[in-house]
Asks: 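Here you go, one structure.
Note that this is a predicted model, so its numbers are computed, not measured.
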Amino acid sequence: MSVLDQDGLLAEVVQRLRAAATEDRTFDAAQMQLINLPEIIARAGSQWPLLKDRIRLGSVSFLKGCLEEDDLVIPAGNGFLIIFARGDPALLKRRAEELRSMLLEFYLGQDGFKNLGIKVEHRQISSKEIHAIIAPPPSPSAAPTTDSCLFAPVWTPGPQVIASYFCFPAHHEQGGPRYGYDEGFAEDGKFWNRDYCSLDLAMLDIIEAALARYRPEDTRPAIGVPVHSTTMQNRLGRAAYLERLGKIPHQQLKHVYVKIAEIERGAPIINLADWVGMLRARVKTVLLEFHYSDVTPANLMQIGISGAGFQAPLSWSRESADPNIAVRQMTRWGEALSRQRLRFFVDNLRRPGLIRAAADAGANLVTSDNFWPFEKWPGAVVSAQAPAAAAQRL
């Protein structure tokens, strides 16, 4: 089966070409540019058969982020066919070469790679090292425990209660543990590690253990769990995750909601719709987590999600930060999601004044270790009126 078939890319290409035909758009030869990657193949050497699918999928995602919405990327041979929707034909060949150079920098660590926010070491890289970087094998030691995964109480501003909990992978920064798979994603929307499947599977074990702790007489708040977007993007990772999710007993699973986390900017809505449909076959509620600077898709309500939102970047918490920047972003998201009748969530709000601002912007679900400390196990439903009042004063 080809990479094009494995991850729904073929369906997307066909749909986009049909749309172009319906709009009576044509493509001439100058708009079609082939990008080959012989340097990467040569560097990978004997490891290329193991790496090629992962590199192709990663490259497709990378190229889509560099192109206009109507442009097409099609894996072809050992490269990619780019179909530009528009543009000066004289410049398109140069643009294709720029994209090829960016891909080489992405995988081989050239000087220009520093623009992507990655530290570059100028040295020769063996094929084994490339494999370790691009496709690190799942490691049992990487599986989280209740020390590296925590539960965030989720505040619901309307009734002012902690009505649910969210299990999350924690990385430690100045000021304590913070939700997020990749420490840099909340700031710039980029991540280097593209294999979080073992982490996602281990978190399902953790929430199942948490649900098993509930006694019949307990009030049972819902528990949310994230799945990284790259797990859903990868065919094998997606299959493993859905299989494990389906093994949670129904009486427990009805208390679970899933959040697709750290979605790359510009991700195709058709891919998100596929992932949501697969998850909705097992759980009732699915949320989408974007980067705060991303454009809010206009047709989210059509793909079956219950809500969307983002992680607040650490820069919002600094004393020198202008709070109006955060307020404008939250207001923009709140208004866009309200028009679609979707719930709006904001995670990682540390600055007290912004918690109230999030509620004013229409946020329905808020996490903050400032007022509601992260916990090793979820608790019961509790009133949060006192923290809310404190946030109001600040």
Asks: Closer than 4.0 angstrom, basic N to acidic O: yes or no for R244 and E208?
Replies: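 Looking at E208 together with R244, the answer is yes, because their closest N to O distance falls below 4.0 Å.
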Asks: What heavy-atom pair brings A321 and R351 nearest, and what distance separates the two atoms?
Replies: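 In this case the closest contact between A321 and R351 is O-NH1, 3.0 Å.
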Asks: Got a second to check how far L288's CG is from I303's CD1, nearest 0.5 Å?
Replies: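 Output value for this atom pair is 5.0 Å.
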Asks: Taking all non-hydrogen atoms of both residues, which atom of R282 and which atom of M278 are closest, and how far apart?
Replies: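 Heavy-atom minimum between the residues: NH1-O, 3.3 Å.
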Asks: Under the side chain to side chain donor-acceptor pair (under 3.5 Å) rule, what do S293 and R265 come out as? Steps first, then yes or no, please.
Replies: CA-CA 8 Å; S293 68; R265 286 180 287 188; 3.3 Å; yes
Asks: Donor-acceptor pair, W155 side chain versus V366 backbone, under 3.5 Å?
Replies: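 No.
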Asks: Would you indicate whether the side-chain heavy atoms of E375 and Y165 approach each other to under 4.5 Å?
Replies: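 A side-chain contact under 4.5 Å exists here.
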Asks: Checking the side chain of R341 only, and the main-chain atoms of M301 only, is there a donor and an acceptor separated by less than 3.5 Å?
Replies: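 No, R341 side chain to M301 backbone: no donor-acceptor pair under 3.5 Å.
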Asks: Using a strict cut-off of less than 4.0 Å between a Lys/Arg side-chain nitrogen and an Asp/Glu carboxylate oxygen, indicate whether D347 and K259 qualify as a salt bridge.
Replies: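 Salt bridge between D347 and K259, a charged N being under 4.0 Å from a carboxylate O: yes.
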Asks: When rounded to the nearest 0.5 angstrom, what is the spacing between CG in D205 and NZ in K247?
Replies: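 These two atoms lie 10.0 Å from each other.
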Asks: Where do Y181 and F168 land on the ring pair (Phe, Tyr, Trp, His ring centres under 6.0 Å) test, with the steps shown first?
Replies: CA-CA 8 Å; Y181 290 81; F168 67 94; over 10 Å; no
Asks: Could you tell me whether the side chain of I223 reaches within less than 4.5 Å of the side chain of H255, counting heavy atoms only?
Replies: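 No; the side chains remain at least 4.5 Å from each other.
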Asks: Okay, side chain of N234, backbone of G237: is any donor-acceptor separation there less than 3.5 Å?
Replies: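 Yes, the answer is positive, given that a donor and an acceptor are paired below the 3.5 Å cut-off.
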Asks: Does any donor atom in the side chain of R238 or T231 lie under 3.5 Å from an acceptor atom in the other side chain?
Replies: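 On atom types as modelled, these side chains do not qualify, holding no pair under 3.5 Å.
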Asks: What pair of heavy atoms forms the shortest contact from S368 to R350, and how long is it?
Replies: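 Distance-wise, the nearest heavy atoms are OG-CA, 4.3 Å.
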Asks: To the nearest 0.5 Å, what is the distance between CZ (R95) and CD1 (I82)?
Replies: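 Rounded to the nearest 0.5 Å, the CZ-CD1 separation comes to 9.5 Å.
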Asks: Considering non-hydrogen atoms only, spot the tightest contact between V276 and I305 and give its length.
Replies: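 Heavy-atom minimum between the residues: CG2-CG2, 3.6 Å.
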Asks: Output yes when a side-chain donor or acceptor of T367 lies under 3.5 Å from a complementary backbone atom of V154, and no otherwise.
Replies: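 Not a single qualifying donor-acceptor pair exists.
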Asks: For A312, does its backbone N or O pair with a side-chain atom of Q329 as donor and acceptor, under 3.5 Å?
Replies: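 Not a single qualifying donor-acceptor pair exists.
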Asks: Between E289 (side chain only) and F310 (backbone N and O only), is there a donor and an acceptor less than 3.5 Å apart?
Replies: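 Judged by distance alone, no pair lies under 3.5 Å.
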Asks: Could you tell me whether the side chain of L279 reaches within less than 4.5 Å of the side chain of L242, counting heavy atoms only?
Replies: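 A side-chain contact under 4.5 Å exists here.
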Asks: Check whether any side-chain heavy atom of N364 lies under 4.5 Å from a side-chain heavy atom of T156, and answer yes or no.
Replies: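 No, their side chains stay 4.5 Å or more apart.
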Asks: Could you tell me how the ring of F344 sits relative to the ring of W333: parallel (under 30°), tilted (30 to 60°) or perpendicular (over 60°)?
Replies: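 Taking W333 first and then F344, their aromatic rings lie parallel (interplane angle under 30°).
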Asks: Side chain of Q311, backbone of V346: donor and acceptor closer than 3.5 Å?
Replies: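 Answer holds: no.
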Asks: Kindly say whether A308 contributes a backbone atom to a donor-acceptor pair with the side chain of R343 at under 3.5 angstrom?
Replies: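 Here the side-chain-to-backbone pair does not exist.
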Asks: Within this structure, what is the CG-CG distance for the pair L150 and D369, rounded to the nearest 0.5 Å?
Replies: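 Output value for this atom pair is 10.0 Å.
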Asks: Measuring from atom CG of D200 to atom CD1 of I260, what distance do you get when rounded to the nearest 0.5 angstrom?
Replies: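 If we round to the nearest 0.5 Å, D200:CG and I260:CD1 are 10.5 Å apart.
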Asks: Just by distance, do the side chain of T285 and the backbone of Y257 share a donor-acceptor pair under 3.5 Å?
Replies: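 Pair absent, no side-chain N/O of T285 close to backbone of Y257.
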Asks: Minimum heavy-atom separation for Y292 to P313, with atom names?
Replies: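 Scanning both residues, the minimum pair turns out to be CE2-CG, 3.5 Å.
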Asks: Aromatic ring centroids of Y179 and F166 under 6.0 Å?
Replies: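 Yes - the distance between ring centres of Y179 and F166 falls below the 6.0 Å cut-off.
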Asks: Is any side-chain heavy atom of L199 closer than 4.5 Å to a side-chain heavy atom of M203?
Replies: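 With C-beta onward as the side chain, the pair touches.
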Asks: Taking it one step at a time, do V327 and L354 satisfy side chain to side chain contact (heavy atoms under 4.5 Å, CB included)?
Replies: CA-CA 7 Å; V327 171; L354 294 184; 4.3 Å; yes
Asks: Is it true that R94 and E97 have a side-chain N and a carboxylate O under 4.0 angstrom from each other?
Replies: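 Not counted as a salt bridge, because no side-chain N and carboxylate O are separated by less than 4.0 Å.
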Asks: Rounded to the nearest 0.5 Å, what's the gap from CZ on F345 to OG on S306? Could you check?
Replies: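 OG of S306 is found 11.5 Å from CZ of F345.
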Asks: Please tell me whether I269 and M232 are part of a single hydrophobic cluster in this structure, the criterion being side-chain heavy atoms less than 4.5 Å apart.
Replies: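 Per the 4.5 Å side-chain linkage, I269 and M232 are co-clustered.
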Asks: Would you say P226 and P169 make side-chain contact, with heavy atoms under 4.5 Å?
Replies: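 Yes - at least one pair of side-chain heavy atoms lies under 4.5 Å apart.
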Asks: Hey, can you tell me if F151 and W377 have their rings parallel, tilted or perpendicular (30° and 60° cut-offs)?
Replies: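 Parallel.
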Asks: Look only at the side chain of H291 and the backbone of I263, and say whether a donor-acceptor pair between them is shorter than 3.5 Å.
Replies: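 No, the answer is negative, given that no donor and acceptor are paired below the 3.5 Å cut-off.
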Asks: I need the minimum non-hydrogen distance between P297 and Q340, along with the two atoms involved.
Replies: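 Smallest interatomic distance, heavy atoms only, reads O-NE2, 2.9 Å.
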Asks: State, with a plain yes or no, whether a side-chain heavy atom of V258 is found less than 4.5 Å away from one of L287.
Replies: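 In short, these two side chains do not touch, never coming nearer than 4.5 Å.
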Asks: Is the closest side-chain heavy-atom distance between W316 and D322 below 4.5 Å?
Replies: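 A side-chain contact under 4.5 Å is absent here.
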